[in-house]
*Asks:* 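Below you will find the structure I want to go over with you.
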Amino acid sequence: MGFTFINKLPTPAEIREQFPLAPDLAEIKHARDEEIKKVFTGESGKFVVIIGPCSADNEESVCDYAGRLVKVQEKTKDKLIIIPRVYTNKPRTTGEGYMGMIHQPDPEKRPDMSEGILAIRHMHMRVLRETGFSTADEMLYPENMNYLSDMMSYVAVGARSVENQFHRLVASGCDVPVGMKNPTSGDLTVMLNSVVAAQLPHDFIFRGFEVQCPGNPLTHTILRGAVNKRGQCTPNYHYEDLKLLFDLYNKRGLQNPACIVDTNHANSNKQYQEQIRIAKEVLHSRRHSGDIRNLVKGLMIESYIEPGSQKIGEHCYGKSITDPCLGWDDTERLLYEIADNLD
């Protein structure tokens with residue numbers, strides 16, 4: 001085989017021993033997990049907003065951004081649960097471009113996985129320590145989950161991973177909500193099949209061990225829009241889409257039916273300002289239908305300090321180097337509007 005083995009990476013257990021999570025932070029994370037869990041089980045009527053940059057490429061600006069969310073969370077705590085996106089893996093359609101901090105702690109240097117593992121753990125821990133926010137990240141590489149799982153309260157499985165058996169099996173062992181995105185084709189059956197699989201118990205091989213996972217009843221769906229065979233984006237956040245998903249859930253008899261609507265990606269055709277309008281339309285659909293209100297538990301929004309995006313090397317602080325994001329001023333305003341429009 002054409003592999004060149006560079007070096008043996010530390011295991012998650014070794015990394016956790018080297019950089020342990022302090023007991024007070026573990027307590028904060030546990031309390032957040034319980035609060036978020038109640039949203040997905042229907043015990044709480046709060047609304048989840050998973051929000052942050054497309055990719056977490058710079059620790060200082062990511063922590064700055066998360067710090068800004070603290071004031072908003074405090075003012076909306078009776079209605080919203082804010083979970084910062086600290087996405088340290090970046091799936092690439094063609095395999096080209098910046099692939100996330102786990103590959104490249106510095107986007108302008110060659111990949112160094114050892115440095116990347118330390119950098120992502122340090123950043124997630126710093127967000128938790130400085131803000132009290134446990135975080136969200138994407139499960140791009142299932143075997144890397146345990147490097148961060150003691151700090152994350154939400155996990156997403158992306159559109160290109162949702163059909164993968166290994167992602168489904170590992171999701172069955174997670175003890176926090178795992179959102180399964182619809183594939184880029186938009187096939188809702190594939191997405192729901194992933195939820196079925198992740199809610200079931202499984203035995204499989206993980207990091208060289210035979211493991212058992214009990215099934216994750218908090219696994220749910222994420223609508224992110226689709227791309228048709230002509231390469232055109234087709235949104236799936238409209239009232240009719242949400243009603244269809246509700247009906248499909250009813251036919252499956254799954255535990256804790258729930259959906260998060262991703263306001264960017266193919267739903268906005270990456271027109272980042274459209275996220276504001278999309279969020280408001282989803283809230284209108286929830287007010288119009290009790291079924292949709294019970295199904296849609298939250299939104300996923302791509303947002304950073306500066307609006308839009310930049311190329312690597314432009315060095316604009318707090319501006320996305322991958323997909324374009326809402327800027328802070330629009331973000332703050334939108335979060336307050338979401339809270340105000342939940343009644």
*Asks:* Looking at residues at least two apart in the chain, or sitting in another chain, which of them share a side-chain contact (heavy atoms from CB on, under 4.5 Å) with A22?
*Replies:* D24, L25

*Asks:* Let me have the donor-acceptor pairs involving side chains of residues 191-204, under 3.5 Å, with sequence neighbours excluded, atom names and distances please.
*Replies:*
{"residue": "N193", "atom": "OD1", "partner": "R252", "partner atom": "NH1", "Å": "2.9"}
{"residue": "N193", "atom": "OD1", "partner": "R252", "partner atom": "NH2", "Å": "3.1"}
{"residue": "N193", "atom": "ND2", "partner": "T189", "partner atom": "O", "Å": "3.4"}
{"residue": "S194", "atom": "OG", "partner": "V162", "partner atom": "O", "Å": "2.5"}
{"residue": "S194", "atom": "OG", "partner": "R168", "partner atom": "NE", "Å": "2.8"}
{"residue": "S194", "atom": "OG", "partner": "R168", "partner atom": "NH2", "Å": "2.9"}
{"residue": "S194", "atom": "OG", "partner": "V190", "partner atom": "O", "Å": "3.3"}
{"residue": "Q199", "atom": "OE1", "partner": "Q255", "partner atom": "N", "Å": "3.1"}
{"residue": "Q199", "atom": "NE2", "partner": "T219", "partner atom": "O", "Å": "3.2"}
{"residue": "Q199", "atom": "NE2", "partner": "Q255", "partner atom": "O", "Å": "3.0"}
{"residue": "H202", "atom": "NE2", "partner": "A197", "partner atom": "O", "Å": "2.6"}
{"residue": "H202", "atom": "NE2", "partner": "L200", "partner atom": "O", "Å": "3.4"}
{"residue": "D203", "atom": "OD2", "partner": "Q212", "partner atom": "NE2", "Å": "3.1"}

*Asks:* Holding to side chain to side chain donor-acceptor pair (under 3.5 Å), I want the full list of residues that pass it with E143, two or more places apart in sequence or in another chain.
*Replies:*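 None.
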
*Asks:* Applying side-chain contact (heavy atoms from CB on, under 4.5 Å), can you list everything that pairs with Q18, at least two apart in sequence or on another chain?
*Replies:*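 So Q18 forms a side-chain contact (heavy atoms from CB on, under 4.5 Å) with I15, L118.
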
*Asks:* Only counting residues at least two apart or in another chain, list the ones meeting ring-ring contact (aromatic ring centres under 6.0 Å, His included) with Y87.
*Replies:*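 Here no residue qualifies.
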
*Asks:* Assess whether a salt bridge exists between D64 and R68, defined as any Lys/Arg side-chain N lying under 4.0 Å from an Asp/Glu carboxylate O.
*Replies:*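 Salt bridge between D64 and R68, a charged N being under 4.0 Å from a carboxylate O: yes.
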
*Asks:* Got a sec, which residues hit side chain to side chain donor-acceptor pair (under 3.5 Å) with H288, two or more places apart in sequence or on another chain?
*Replies:*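 Partners of H288 under the side chain to side chain donor-acceptor pair (under 3.5 Å) test: none.
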
*Asks:* Run the ring-centre check on Y141 versus H103 and record whether the distance is less than 6.0 Å.
*Replies:* yes

*Asks:* Quick check against the 3.5 Å criterion: does E34 have a side-chain atom that pairs as donor or acceptor with the backbone of A31?
*Replies:*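 Such a contact is absent between E34 side chain and A31 backbone.
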
*Asks:* By side chain to side chain donor-acceptor pair (under 3.5 Å), which residues pair with N228, not counting sequence neighbours?
*Replies:*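 Expected list: Q232.
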
*Asks:* Below 4.5 Å, heavy atoms only, C-beta onward: do Y304 and D57 meet side chain to side chain?
*Replies:* yes

*Asks:* State, without any angle test, whether T322 and Y98 hold a side-chain donor-acceptor pair at a distance under 3.5 Å.
*Replies:*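 No.
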
*Asks:* Could you work out, with side-chain contact (heavy atoms from CB on, under 4.5 Å) as the rule, every residue matching E43, not counting sequence neighbours?
*Replies:*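 Partners of E43 by the side-chain contact (heavy atoms from CB on, under 4.5 Å) criterion, ordered by chain and then number, come out as K38, T41.
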
*Asks:* Please answer whether the main-chain N or O of V176 pairs with a side-chain N or O of N216 as donor and acceptor at a distance below 3.5 Å.
*Replies:*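 Such a contact is found between N216 side chain and V176 backbone.
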
*Asks:* Does any donor atom in the side chain of N264 or S268 lie under 3.5 Å from an acceptor atom in the other side chain?
*Replies:*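 There is such a pair between these side chains.
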
*Asks:* What pairs with D291 under side-chain contact (heavy atoms from CB on, under 4.5 Å), at least two apart in sequence or on another chain?
*Replies:*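 side-chain contact (heavy atoms from CB on, under 4.5 Å) check on D291 returns F246, S289.
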
*Asks:* Say whether S303 and Y65, considering side chains only, have a donor N or O and an acceptor N or O under 3.5 Å apart.
*Replies:* yes

*Asks:* Listed by chain and number, what are the ring-ring contact (aromatic ring centres under 6.0 Å, His included) partners of F40, not counting sequence neighbours?
*Replies:*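 Checked F40 against ring-ring contact (aromatic ring centres under 6.0 Å, His included); matches are H220.
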
*Asks:* Under a 4.0 Å threshold between the charged nitrogen and the carboxylate oxygen, would E35 count as salt-bridged to R32?
*Replies:* no

*Asks:* Say whether S320 and S309, considering side chains only, have a donor N or O and an acceptor N or O under 3.5 Å apart.
*Replies:* no

*Asks:* Would you mind checking if D329 and R333 are paired as a salt bridge, meaning a charged N to carboxylate O distance below 4.0 Å?
*Replies:*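 The answer is no: the pair does not qualify as a salt bridge.
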
*Asks:* Under 3.5 Å, is there a donor-acceptor pair between the side chain of Q310 and the main chain of I321?
*Replies:*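 No, the answer is negative, given that no donor and acceptor are paired below the 3.5 Å cut-off.
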
*Asks:* Has the side chain of R286 got a donor or acceptor atom that lies under 3.5 Å from a matching backbone atom of R293?
*Replies:* yes

*Asks:* So which pairs with a foot in residues 172-183 pass side-chain hydrogen bond (donor to acceptor under 3.5 Å, both in side chains), sequence neighbours left out?
*Replies:* K181-D262, N182-N236

*Asks:* Please identify each residue that fulfils side chain to side chain donor-acceptor pair (under 3.5 Å) with N89, with sequence neighbours left out.
*Replies:*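 Residues passing side chain to side chain donor-acceptor pair (under 3.5 Å) with N89: none at all.
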
*Asks:* Any Lys/Arg nitrogen of K29 or D33 sitting under 4.0 Å from an Asp/Glu carboxylate oxygen of the other?
*Replies:*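 Here K29 pairs with D33 in a salt bridge, since their nearest N and O are under 4.0 Å apart.
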
*Asks:* Thinking salt bridges, do R277 and E274 make one under a 4.0 Å N-O criterion?
*Replies:* yes

*Asks:* When you check the gap from the basic side-chain N to the acidic O, do E60 and R126 get nearer than 4.0 Å?
*Replies:*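 Result for this pair is yes, salt bridge flagged.
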
